[in-house]
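One-based numbering along the sequence shown. Nothing here was measured: the structure is a model prediction, and the numbers come from that model.
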Amino acid sequence: MLADENEASVQAGTLGTNIHLPGEWLSSLVGYIAAALPGWRDDPKRPAQTNETGLTSELCARLNSVSHHSPGWDFLQFRREEPDDVRAGRSIDLVVAPSGALIWIAGREYSEYRTLLPIECKRLPTPNGKDRDEREYMFSQFSSTGGIQRFKAGNHAAAHIRAAMIGYVQARDIPFWRTQLDTWIEGLVATPVQGWSSDDKLVLATHHSATRIASLQSTHERDAGLEPILIDHLWIEM
């Protein structure tokens, strides 16, 4: 490690320059992000945004601010529009990476140059537009822009077995969209669309009606001989 990286770790109050974490630590990270969502949405100083890029930029700034002042999480950084680890021509909406520290998870080393957790962000509903598919959170018949579709095809996160998606719910509510995605997946299976099955459905983990956020999970088989990927979905009613 370089001297300035060591110094940055000490100043940030991290556990040290080499941090060994169990694989299930990623679940805690997802929970940490989920806990930050209501405060970000409800911050009276937050400029009003409706577009996906603006919302994700704001959220990234908020997560960086919160993590820098949270002991035990201050060795992390959040970044926007990062190149995918394998397909550098494709960008990830939001990524989590170490900051001034080396992190080891399940025998793999992560530095500020290697993504810990790739995160895709989508609006619900999909905005209207030419060649926009209303099912874009999960699938698009017009392109490879479908959120879950990208992970299944290995276009995103081919180097990972875990990823996350954030759903900005801008109309209706969380129960509506959970039912709607089930219906869309059933439609893909019935068509059929190659690679999709009922096993791709999302499973609700938690739903907090007071804060209007929910956590869901889904597991997907992938193309090109890749291992299945587990996706954590964090939905927030905006």
Side-chain angles (χ1 to χ4, degrees), residues 26-27 29-34 36-37 40 49-63 76-97 114-127 129 132-170 174 177-178 180-181 184-185 188 195-196 200-203 205 213-223 226-236 238:
L26 288 172
S27 295
L29 172 58
V30 171
Y32 178 75
I33 295 171
L37 290 175
W40 160 71
Q49 290 280 1
T50 57
N51 68 85
E52 179 186 304
T53 300
L55 288 167
T56 304
S57 179
E58 287 182 351
L59 177 58
C60 182
R62 176 67 175 221
L63 289 170
L76 298 177
Q77 59 178 309
F78 295 81
R79 300 200 297 259
R80 285 272 294 118
E81 294 296 337
E82 285 289 303
D84 183 79
D85 292 332
V86 175
R87 301 200 176 190
R90 291 179 171 269
S91 60
I92 305 293
D93 290 337
L94 181 64
V95 304
V96 191
R114 176 173 283 179
T115 296
L116 272 168
L117 183 71
I119 305 172
E120 278 291 288
C121 303
K122 289 289 186 183
R123 296 163 66 182
L124 292 168
T126 300
R132 298 298 296 264
D133 191 318
E134 66 175 349
R135 303 166 295 179
E136 207 167 279
Y137 184 92
M138 46 172 282
F139 174 83
S140 174
Q141 63 177 319
F142 303 113
S143 66
S144 61
T145 57
I148 295 175
Q149 177 185 7
R150 290 173 173 174
F151 291 115
K152 283 176 65 65
N155 293 330
H156 282 177
H160 298 263
I161 59 172
R162 190 152 186 179
M165 292 185 66
I166 294 177
Y168 305 122
V169 178
Q170 297 179 313
I174 287 167
W177 289 109
R178 184 189 175 202
Q180 183 64 77
L181 261 67
W184 285 338
I185 291 175
L188 292 176
W196 287 85
D200 290 302
K201 287 185 177 182
L202 281 61
V203 177
I213 66 168
S215 299
L216 306 93
Q217 283 191 330
S218 59
T219 303
H220 308 277
E221 297 294 327
R222 294 194 284 180
D223 298 341
L226 297 173
E227 293 182 58
I229 188 167
L230 171 64
I231 303 177
D232 292 279
H233 304 261
L234 303 177
W235 289 359
I236 177 167
M238 300 301 296

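- Residue I166 holds its CD1 atom at 5.5 Å from CG of L37, rounded to the nearest 0.5 Å.
- The distance from the CZ atom of R87 to the CZ atom of R150 is 12.0 Å, given to the nearest 0.5 Å.
- No more than 12 heavy-atom neighbours from other residues, nucleotides or ligands sit within 6.0 angstrom of CD1 on I161.
- At a threshold of 4.5 Å between non-hydrogen side-chain atoms, the residues I92 and T115 do not count as touching.
- Residue F142 comes nearest to R132 through the heavy atom pair CE1-O, 3.7 Å, listed as atom of the first residue, atom of the second, then distance.
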Mind running side chain to side chain contact (heavy atoms under 4.5 Å, CB included) on L29 and L76 for me, showing each step along the way? CA-CA 10 Å; L29 172 58; L76 298 177; 3.7 Å; yes
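- Considering only heavy atoms from C-beta on, Q180 stays 4.5 Å or farther from P125 through its side chain.
- When all heavy atoms are compared, the tightest approach of A34 to S215 is CB-OG, 4.4 Å.
- By the side-chain hydrogen bond (donor to acceptor under 3.5 Å, both in side chains) test, T219 is found to be paired with no residue, residues two or more places apart in sequence or in another chain being considered.
- Partners of R135 according to the salt bridge (Lys or Arg N to Asp or Glu O under 4.0 Å) rule, which considers only residues two or more places apart in sequence or in another chain, are D133.
- Legend: residues meeting salt bridge (Lys or Arg N to Asp or Glu O under 4.0 Å) with R79, ordered by chain and number and at least two apart, are E82.
- Nearest heavy-atom pair, A153 versus D223, reported as atom, atom and distance to 0.1 Å: CA-OD2, 3.7 Å.
- Taking the salt bridge (Lys or Arg N to Asp or Glu O under 4.0 Å) definition, one finds that D93 meets it with nothing, sequence neighbours left out.
- With sequence neighbours excluded, the residues that form a side-chain hydrogen bond (donor to acceptor under 3.5 Å, both in side chains) with Q170 are R123.
- Nearest heavy atom pair, residue I213 against residue I174, reads C-CD1, 3.7 Å.
- Rounding to the nearest 0.5 angstrom, the gap separating the NE2 atom in H220 from the CD atom in E227 is 15.5 Å.
- Every residue meeting the side-chain contact (heavy atoms from CB on, under 4.5 Å) condition with S91, not counting sequence neighbours, appears here in chain and number order: E81.
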Could you walk me through whether Q217 and L230 pass the side chain to side chain contact (heavy atoms under 4.5 Å, CB included) test, one step at a time? CA-CA 7 Å; Q217 283 191 330; L230 171 64; 4.0 Å; yes
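- The minimum heavy-atom distance between I229 and A163, with the atom names listed, is CD1-CB, 3.9 Å.
- Using the six-membered ring where Trp is involved, F139 and W196 have ring planes that are perpendicular, over 60° apart on the 30 and 60° scheme.
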Run the side chain to side chain contact (heavy atoms under 4.5 Å, CB included) check on M165 and S218 step by step: do they pass? CA-CA 10 Å; M165 292 185 66; S218 59; over 6 Å; no
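- In terms of heavy-atom proximity, A157 sits nearest to D84 at N-OD1, 2.8 Å.
- Atom CG of L63 sits about 4.5 Å away from atom CG of L59, to the nearest 0.5 Å.
- Ring planes of W177 and W184: tilted class, angle from 30 to 60°.
- Between atom CD of residue E120 and atom OG1 of residue T145 there is a gap of 10.0 Å, rounded to the nearest 0.5 Å.
- Evaluation of the side-chain hydrogen bond (donor to acceptor under 3.5 Å, both in side chains) rule for S57 yields no partner, not counting sequence neighbours.
- For D85, the side-chain hydrogen bond (donor to acceptor under 3.5 Å, both in side chains) partners two or more places apart in sequence, or in a different chain, are H160.
- Residues that satisfy the salt bridge (Lys or Arg N to Asp or Glu O under 4.0 Å) test with R222, not counting sequence neighbours, are absent from this structure.
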I119 and T56: side chain to side chain contact (heavy atoms under 4.5 Å, CB included), yes or no, with the steps? CA-CA 10 Å; I119 305 172; T56 304; over 6 Å; no
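- Every residue two or more places apart in sequence or in another chain was checked for a ring-ring contact (aromatic ring centres under 6.0 Å, His included) with F78, and none qualifies.
- Rounding to the nearest 0.5 angstrom, the gap separating the CD1 atom in I185 from the CD1 atom in I148 is 5.5 Å.
- Side chain of K152 to backbone of G195: a donor-acceptor contact under 3.5 angstrom is found.
- Scanning for ring-ring contact (aromatic ring centres under 6.0 Å, His included) contacts around Y137 gives H233, W235, with sequence neighbours left out.
- Counting only residues at least two apart or on different chains, the salt bridge (Lys or Arg N to Asp or Glu O under 4.0 Å) pairs with a member in residues 155-165 are R162-D232.
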